[in-house]
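What follows is one structure encoded as structure tokens, with my remarks underneath.
In this chain, residues are counted from 1 in sequence order. For ligands, and for the atoms within them, numbers begin at 1 and follow the listed sequence.
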Amino acid sequence: MTLKKNNPLRLDVSHVARQSPGTYRTFDLHFPSLHFEPDLDLHDLEGEITISVTDDGVAAEGQLSAKTELECTRCLEPYQQTLDIHFTEIFSFSPSQDEEDDHKEQQLPPDGYIDLEPLIREYALLDIPIKHLCSEGCKGLCSVCGANLNHEDCGHRQEDIDPRMAKLKQLLDEEEMEELGRE
Ligand SMILES: [Zn+2]
Ligand SMILES: [Zn+2]
């Protein structure tokens, strides 16, 4: 599903926006799969959007979760990363007059439709961890043969060896073997 045509994340809040301040309405979202231009795919996007009426606009509060496919930096396997998408965004009836205001409020569109797409995209991206790990205990790849150590034990010893030291280690190992041979 693409959001280009008939954007399903455009939320009609025109009705609730006409109610008195304090009124709120909750919208349930569930999308098996959505593509966000240009490069984000979310699966099992679900949760609630609560729209509450304030004195001069509406607040949109999102409590959503979704999954996205990432590649584990240790074992290089694709995996599904769960993302928490939480936000509160204010849409005012009339734009703020204060040019100096750091927190720019958005204006509620005249047709009463809030586009959740940029919000969900932004907050989903914020929740993507810097380190992509399929699991905390991912064992990664064997530094000798490249086997995925989560799936098999290839028998190699995993050591962080500086390539420049590898030669020296090899010599020491040979010496050790010789010594063992002499005993
Ligand atoms: Zn992994
Ligand atoms: Zn190995």
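- Within a radius of less than 2.8 Å around the Zn ion (ligand 2), the protein N, O or S atoms are Cys142 SG, Cys145 SG, Cys154 SG, His156 ND1.
- Note that the CG atom of Leu126 and the CD1 atom of Ile128 stand 9.5 Å from one another [nearest 0.5 Å].
- Surrounding NE2 of His30 are more than 12 heavy atoms belonging to other residues, nucleotides or ligands, all under 6.0 Å away.
- Side-chain contact check for Gln81 and Glu69: no donor-acceptor pair (N or O, by modelled atom type) lies under 3.5 Å.
- Residues Tyr79 and His132 meet the side-chain proximity criterion, which asks for heavy atoms closer than 4.5 Å.
- Here CZ of Phe91 is found 7.5 Å from CD1 of Ile51. Values are rounded to the nearest 0.5 Å.
- Taking the charged nitrogens against the carboxylate oxygens, Arg10 and Asp111 do have a contact shorter than 4.0 Å, which makes a salt bridge.
- With respect to the salt-bridge test (charged N to carboxylate O, under 4.0 angstrom), the residues Lys67 and Asp44 qualify.
- Contact record, Gln19 with His15: NE2-O, 3.2 Å, taken as the closest heavy-atom pair.
- For the Zn ion (ligand 1), the set of protein N/O/S atoms nearer than 2.8 Å consists of Cys72 SG, Cys75 SG, Cys134 SG, Cys138 SG, ordered by chain and number.
- Relative to the six-membered ring of Phe27, Arg25 meets both conditions, a distance below 6.0 Å and an angle of at most 45° to the axis.
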